[in-house]
Structures are given as C-alpha cells and as structure tokens.
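All values reported here derive from a predicted model rather than from experimental measurement. In what follows, every chain begins at residue 1, and chains take the letters A, B, ... in the order their sequences are listed. Values below: every heavy atom of this structure, side chains too, minus hydrogens, waters and symmetry copies.
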Number of protein chains: 2
Amino acid sequence: MDKSELLALLQPTFATYGFNGASVARLAAATGLGKASLYHHFPGGKNEIAGVLLRQAVEQLQSKVFVASGKRNSPNERLAGMIDRFSEYCNDGQSYCLVALFAQEQAPVIDQPAIAEQFAAWRTVLAQCYEADGHKPKAANRAAASLVNTLYGALLMARMTDEPKLFLQAAKRCKNQLLN
Amino acid sequence: MDKSELLALLQPTFATYGFNGASVARLAAATGLGKASLYHHFPGGKNEIAGVLLRQAVEQLQSKVFVASGKRNSPNERLAGMIDRFSEYCNDGQSYCLVALFAQEQAPVIDQPAIAEQFAAWRTVLAQCYEADGHKPKAANRAAASLVNTLYGALLMARMTDEPKLFLQAAKRCKNQLLN
DNA sequence: TCGACTATAACGAACGTTCGGTTACCACAG
DNA sequence: CTGTGGTAACCGAACGTTCGTTATAGTCGA
C-alpha cells in the first residue's frame, strides 16, 4: 500500500467528518490498517495527513481549476472551463472541499492568511478573464468575487442539504450567465 | 446567571470552534462556570446546548430574516430587507451561522432532512418575492437559489479568509442587482 | 538476515459526564 | 429579628471512555 493510495482512502473520512471528527481510529479503519501502521507512513500523525491532504486540495485548485487555460479560447470559454473543472474537483457537488472544511473548523493545519491570499489570487485569475471579456476592472473584480462566492455557496448548500443537484444547477446558472 | 445569558456566552465558542472543537471545558470557561455547573443548567450536556443554539439560529433565520415583511413595500424592497437582516444575523460577516457549521461537521444535533426542508422553504419565500417582481416562476426559483447561495458563499468566504468585508461587499452587490 | 511493513497493546492526556457536597438565597414559624 | 428548612446554584474531584501517540514485536519478501 503506497502513500498516494493511502491518501486517497483517507481523504473521504476527513471530507465527511471534518478535521476534529476524523479520529485516527476512523482514519485507520478507512485504510484497513491498524492505527500504528498509519504512523509508519505518516510519522507526523493526524496533522501530517490532514496537512498533506490540504496542500493537495490547494494544489489541485491551483493547477487544475483556477487556471485560464486554452489561451486560444475566448475569455468566456475559459471561465466556463474553470466552472467545469471546479465541478470536477468537488465531484459535481458530492464531495466537499477540504480547504473550506478545515478553515471553518479552525483546524490546526490551517494557515488562514495563506488561505486568504490564495483565494485572492484565484479571484484575480477570474477577474482577468472578465476584464479580457470587456468588463471594466472594478466590474471584473466584482464578477470574479461573485462567481467564487456562488460556487462555494452552492457547494456548501449541497453539502448542508445533501442535495448535490443544488450545486449542479448553480454551476449551470453560472455558465449561462457568461453568455450575456 | 439565567439560561439566555448563558446561551449568549456559549454561542461564540460553538461558532468559533464548531461542534467537535467546542469542548465542555471551553464552554464552561466561556461562561465562567465550572463544568459541573453547566450540567445543572443543561442536564442534556453538550448536545442539549448545541441543540438549543441550533434551534435558536434556525428560529432567528425563520422569524427575523426570511420573512417577506412590509407587505406595503415593493418586492425588491422586501428582498433588500432580507439581505439586510441576514447581514444583521451574521453580524456583517463577522459571526458564522451555526446551522452551516454544524451541518458541515455532521454534528449529532443535526437533522439533515429537516435542514434541507428549511432551506427549501426559505428559497420559496425569496422566489415568491421575485415572482411578485415580475419574474417567471422558473426564473424566480433560480434567482432565489442564487441569492441564498451567494449570501452563504460570501459568509463562508468571509470566515475562511477572516475578511468580513468580503461578505459586506457581496451583500451590497446583491442589493444593487435588485435594482435592475 | 535485513528492512519495510503491519499488529497488539498500552501510554498519558483530554474528552463528556456524574457524584457528593458546599454555598447562596428565600419563605416562614417561633 | 432570629432560626430553620428547602431549594436552586455552584464547584472540585473523579468517573469511564476515547483521543492521538508510541513501544515492542511479529511477518514476510528481497
């Protein structure tokens, strides 16, 4: 059992129960290993696991979601692509974002200023697309902030109510709105 | 020290640390009482306290926020009022919503189907306003869902980054959008 | 035989909870 | 006014459990 397999088995437990709710016993059970065996792979214990998964989530958002890929495409297409990739990231609203989850619990693995910077950077990426699409700078910033808010709000809503479709519908609305 | 005072002292601890993170020791410390004394007021222990606070939050959203008050006002003014009252509810983005927090941790005090119903009802209240404002039923439903998503998304964002202004700005944008 | 891996069993600390008993307060009989 | 009884409020100390962690030892392919 190698490390990336383990992490894949561990992630859902954190995503389901949050940092505090994911006990080492539960985490070990999720992998099929004994608690002590987990410590062989992650000597830093629970904090190390959570830290790796958190960095993984941020990295994924950074490299797979909030990138204005396809320079040949129109700004709108690039924005739509980001929405689609965020949708993939959260499994169409079925999986929650560890960054949001850990941040809300004030988990010890969270570096809040860094998270704030990260989200600001992602908003900037979005804003640049909106600007390239003809929005004035201020309007572009507003639209970018709105989009991130809506996506995360929809994801939160989907989780609260256990209705992933609430996310899918919101994502669709966001994309439709780009066509104006 | 009466019960409502106690609850007021206890709420911030839950709001800050979440259900799992709010230990009885912390809760007791927040009130200045000993742990045993808390059990005098709340024999049901931590679950009872969290349950009361949760019901309080839902009740507040129900009776103070998502009510189409002021029948004489225009639908837009009523929607704007709800945004304002939600803003008050979350202290301009500085306090988090216990419903959202507990729901995300899958806290034992949460009845997810009930929460889902509750939010559906609130979306309906909003949708009726949008309809009264001339939107077609489907468009009204979409607008209502978007508004809730955005408000909660902005609140989540504000908490994640510890920047309440992200919420205030979003609330302002929502209100401006009503004027079209 | 060695090193990577897993498991059993236990550790101290913190958890939520309960017990036994002390204080503070107030009604009321003397 | 004093004294007595009852009750609500409160607390220190401990309960049993679970937490995250670790010491120790066994398994097994190379």
Does OP1 or OP2 of [N] have a side-chain N or O of [X] closer than 4.0 Å?
| X | N | value |
| --- | --- | --- |
| A:His40 | C:dT6 | no |
| A:Tyr39 | D:dT22 | no |
| B:His41 | D:dA8 | no |

From [options], pick the nucleotide closest to the side chain of [X]?
| X | options | result |
| --- | --- | --- |
| B:Ala36 | D:dC10, D:dG20, D:dC11 | D:dC11 |
| B:Ala25 | C:dC15, D:dC10, C:dA7 | C:dC15 |
| A:Leu33 | C:dT6, D:dG20, D:dC11 | C:dT6 |
| B:Ser23 | C:dT6, D:dA23, C:dG16 | C:dG16 |

Problem - Partners meeting ring pair (Phe, Tyr, Trp, His ring centres under 6.0 Å) with B:Phe14 (sequence neighbours left out) - result: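 For B:Phe14, the residues satisfying ring pair (Phe, Tyr, Trp, His ring centres under 6.0 Å) (neighbours in sequence not counted) are B:Phe102.
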Between [atom2] of [N] and [atom1] of [X], the distance in whole Å:
| X | N | atom1 | atom2 | value |
| --- | --- | --- | --- | --- |
| B:Met1 | C:dA24 | CE | C1' | 15 Å |
| A:Leu27 | D:dT18 | CG | P | 17 Å |
| B:Asp2 | C:dC25 | CG | P | 16 Å |
| A:Glu48 | D:dG20 | CD | C1' | 14 Å |
| B:Tyr17 | C:dA14 | OH | P | 15 Å |

Practice task
Identify whether any heavy atom of A:Ala22 sits under 4.0 Å from a base atom; if not, whether one sits that close to sugar-phosphate; answer base, sugar-phosphate or nothing.
Solution key: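 It contacts sugar-phosphate atoms only.
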Practice task
Using a 4.0 Å heavy-atom cut-off across all strands, classify A:Ser37 as base, sugar-phosphate, or nothing.
Solution key: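 Result for A:Ser37 = base.
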Handout entry: Base C:dT17 paired with B:Lys46 side chain (donor-acceptor, <3.5 Å)
Key =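 Donor-acceptor pair under 3.5 Å: no.
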Handout entry: B:Lys175/B:Asp84 salt bridge by N-O under 4.0 Å criterion
Key =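 Judged by the 4.0 Å cut-off on N to carboxylate O distance, B:Asp84 and B:Lys175 do form a salt bridge.
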Problem - Which atom of B:Gln56 lies closest to which atom of B:Leu7, heavy atoms considered - result: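 Answer, listing the atom of B:Gln56 first, then B:Leu7: NE2-CD1, 3.6 Å.
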Problem - Polar contact flag, side-chain donor to acceptor under 3.5 angstrom, B:Asn149-A:Thr150 - result: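 Note: B:Asn149 and A:Thr150 side chains miss the donor-acceptor criterion.
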Problem - Check: B:Leu178 main-chain N/O paired with B:Asn76 side-chain donor or acceptor under 3.5 Å - result: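 Flag set: sc B:Asn76 to bb B:Leu178 pair under 3.5 Å.
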